[in-house]
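Some notes on the structure that comes next.
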Amino acid sequence: MDGSVIVAAIYGEFKLRRFKTYPVCGLELLHYPRKFERFKDEKGAVVFGVATYVLNDMRSGEFDENPVL
């Protein structure tokens, strides 16, 4: 789904990226919004899963060092 945070192996290295289909199809860097990685071949990235729950709100881009549990 557009906007989902995924766990992917990109050229052999595990990374978190935001999957985007609009305005262009690609993987958006979390710390640089609107900066995309696109791949020329299907071996460039392998998706392992989708992040469905995190302790912090990922929409704001800020890390809460003292979360309330």
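Below, each value reflects all heavy atoms present in this structure, side chains not excepted, and no hydrogens, waters or symmetry copies. The first residue in the sequence is number 1, and the count goes up from there.
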Per-pair distances, 0.1 Å, donor-acceptor, side chain in residues 20-30, under 3.5 Å, sequence neighbours excluded:
residue : atom : partner : partner atom : Å
T21     : OG1  : D2      : OD1          : 3.2
E28     : OE2  : R34     : N            : 2.7

I'd like to check the ring-ring contact (aromatic ring centres under 6.0 Å, His included) partners of Y32; sequence neighbours left out, ordered by chain and number. none

Rounded to the nearest 0.5 angstrom, the NZ-CZ distance for K15 and F48 is 14.0 Å

Is there a side-chain contact between L16 and I6 (heavy atoms, below 4.5 Å)? no

